[in-house]
2 protein chains.
Amino acid sequence: MTGTRGYHHGDLRRVLLTAAVQAIQEAGPAALSLRDLARRAGVSHAAPAHHFGDKAGLLTALAVEGFDLLAEALRGAGDDLLAAGVAYVDFAVGHRAHFEVMFRPDLYRTDAPEVRAARERAGAALRSGVSALPPGRATVGDARGDALAAWSIVHGFATLWLAGALPPEVGGDPRDAARAVIRRLFWP
Amino acid sequence: MTGTRGYHHGDLRRVLLTAAVQAIQEAGPAALSLRDLARRAGVSHAAPAHHFGDKAGLLTALAVEGFDLLAEALRGAGDDLLAAGVAYVDFAVGHRAHFEVMFRPDLYRTDAPEVRAARERAGAALRSGVSALPPGRATVGDARGDALAAWSIVHGFATLWLAGALPPEVGGDPRDAARAVIRRLFWP
DNA sequence: CTCAAATCTTGTCGATGACAAGATCGCACC
DNA sequence: GGTGCGATCTTGTCATCGACAAGATTTGAG
């Protein structure tokens, strides 16, 4: 139970997921290799298949974990729109590997029941974070449209940040830059 | 010059790029295979390497082409902010393969000089599209911040749309949905 | 204590990317 | 009109990868 010795690893599933996060942070999801993960974990090349079936299975598990981590982060931000937006960007930067997998439907099985459920939990947290518009800026009509606009702007900023597409003038702190961007949406 | 006969293909480079666009649209960039492209083009498995060096080289060429197509699309939209935003989303949906490669730095050589140049051309077109804010909504301070917010919201919407992450209530026409989202940024 | 299921290993196959070496073509130059 | 050289494409090869099959080891329920 304490480590990696013995025939049975003890907690291989978790170790593989953690190694996958590490590997994706280093070289992106495209370069991910199950055999490399097995080497990192000190097990044989076929061990990962037992826990995840195939590569898409491992990434499916990673996506589920990612949506749950995102839901948790958004809940922690409370009902404040600005805080929720910053939390979204902060999650993307802080859990880059999860985030990069979650929105790449060609990499995993988006229709798996666990994925649907986790995605729904994150969606509920997101809607809750957007539900409270700033005072003096009541919803004029379509609250769903407000939510979509808010999601779009934070998702776009996070994606551009992660892609390294933003010019250097934006600065080095994603939270500060994100705040300035979000403010322009509902505090014009 | 007219086709694929003979030892020399005639226009293999272009044919391979077109086949790559097709293949990426079918199965995503992760499933792209140089040997599959060679089969589609009717050439040997090593022919692509001559034109692009390696897989990253082919995707680099695809990214350059994508940034140039984007610049062209944005210039076509003129100086209208709303039109430029819709054009951005329209480009992402209409040139899905290019767009999915352009913002994935782990897939190609983002520091190649041709990439830097093409990216700069697209960036200039983008800034020009955002330069003219709607009447009655003059820039209060930071025009660069306005541009970043506009880029973020259209990029985020396009990415979420392509990922199939948006709920069905958004509707089937990305241009209409994008217009509604963009309007919330500068016409609150 | 026994045995079945869970876990991991070894072995293998087809596919892939990258590289090397050779064949063929086209064109500038004489 | 030839000729040689560079560009283009082919064939051959190797290490790596994902997936699968079959076997070995361990755990734990009964």
Side-chain angles (χ1 to χ4, degrees), chain A residues 1-20 22-24 26-63 97 101 104-109 112, chain B residues 1-24 26-63 101 104-109 112:
Chain A
M1 187 204 278
T2 57
T4 63
R5 48 183 161 281
Y7 197 96
H8 282 197
H9 188 285
D11 198 13
L12 184 56
R13 185 187 154 92
R14 174 102 302 270
V15 169
L16 287 172
L17 284 174
T18 305
Q22 181 83 18
I24 293 173
E26 291 170 6
L32 187 69
S33 146
L34 288 182
R35 292 172 107 104
D36 176 54
L37 297 186
R39 279 190 293 269
R40 290 178 192 236
V43 294
S44 82
H45 64 86
H50 177 73
H51 290 275
F52 301 104
D54 55 5
K55 196 174 180 175
L58 185 141
L59 292 176
T60 301
L62 206 65
V101 171
R104 254 177 204 72
D106 56 318
L107 293 183
Y108 69 102
R109 283 181 274 273
Chain B
M1 189 204 278
T2 56
T4 63
R5 49 183 159 282
Y7 197 96
H8 283 197
H9 188 285
D11 197 13
L12 184 56
R13 185 187 154 90
R14 173 102 303 271
V15 169
L16 287 173
L17 284 174
T18 305
V21 168
Q22 182 82 20
I24 292 174
E26 291 169 6
L32 187 69
S33 145
L34 288 182
R35 290 172 107 105
D36 176 53
L37 297 185
R39 279 189 293 270
R40 290 178 191 235
V43 294
S44 82
H45 63 86
H50 178 73
H51 290 276
F52 302 104
D54 56 5
K55 197 174 180 177
L58 185 142
L59 293 176
T60 301
L62 207 64
V101 171
R104 252 178 207 76
D106 57 318
L107 292 183
Y108 68 101
R109 281 181 274 274

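Naming: A, B, ... by sequence-line order, numbering from 1 per chain.
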Would you compute the distance between atom NE2 of B:H45 and atom OG of B:S33 and round it to the nearest 0.5 angstrom?
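Nearest 0.5 Å value for the NE2-OG distance: 11.5 Å.
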
Can you tell me the distance, in whole Å, between the [atom1] atom of [X] and the [atom2] atom of [N]?
X: B:H45; N: C:dC19; atom1: NE2; atom2: P; answer: 14 Å
X: A:K55; N: D:dA19; atom1: NZ; atom2: P; answer: 8 Å
X: B:L32; N: C:dT16; atom1: CG; atom2: C1'; answer: 12 Å
X: B:L34; N: C:dT16; atom1: CG; atom2: P; answer: 10 Å
X: A:L59; N: D:dG18; atom1: CG; atom2: P; answer: 10 Å
X: B:R35; N: D:dG18; atom1: CZ; atom2: C1'; answer: 16 Å
X: B:F52; N: C:dA18; atom1: CZ; atom2: P; answer: 13 Å

Establish, with yes or no, whether the OP1 or OP2 oxygen of [N] is under 4.0 angstrom from a side-chain nitrogen or oxygen of [X].
X: A:R39; N: D:dT16; value: no
X: A:H50; N: C:dT7; value: yes
X: B:R13; N: D:dA7; value: no
X: A:S33; N: D:dC17; value: yes

Looking for any heavy atom pair under 4.0 Å, which part of the strands does [X] touch: base, sugar-phosphate only, or nothing?
X: A:A49; result: nothing
X: A:L37; result: nothing
X: A:L58; result: nothing
X: A:H51; result: sugar-phosphate

Nearest heavy-atom contact between B:A61 and B:F52 is CB-CE2, 3.8 Å

If you compare all heavy atoms of B:K55 against all heavy atoms of B:L34, which two are closest, and at what distance to 0.1 Å?
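Between these two residues, the closest heavy atoms are N-CD1, 3.7 Å.
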
Carefully, step by step, assess B:V15 and B:V43 under the rule side chain to side chain contact (heavy atoms under 4.5 Å, CB included).
CA-CA 11 Å; B:V15 169; B:V43 294; over 6 Å; no

B:R109 vs B:D54 side-chain heavy atoms within contact, under 4.5 Å
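Heavy-atom side-chain distance check passes, below 4.5 Å.
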
Among D:dC9, C:dT10, C:dA20, the nucleotide that comes nearest once only the side chain of B:A46 is considered
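Selected nucleotide: C:dA20.
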
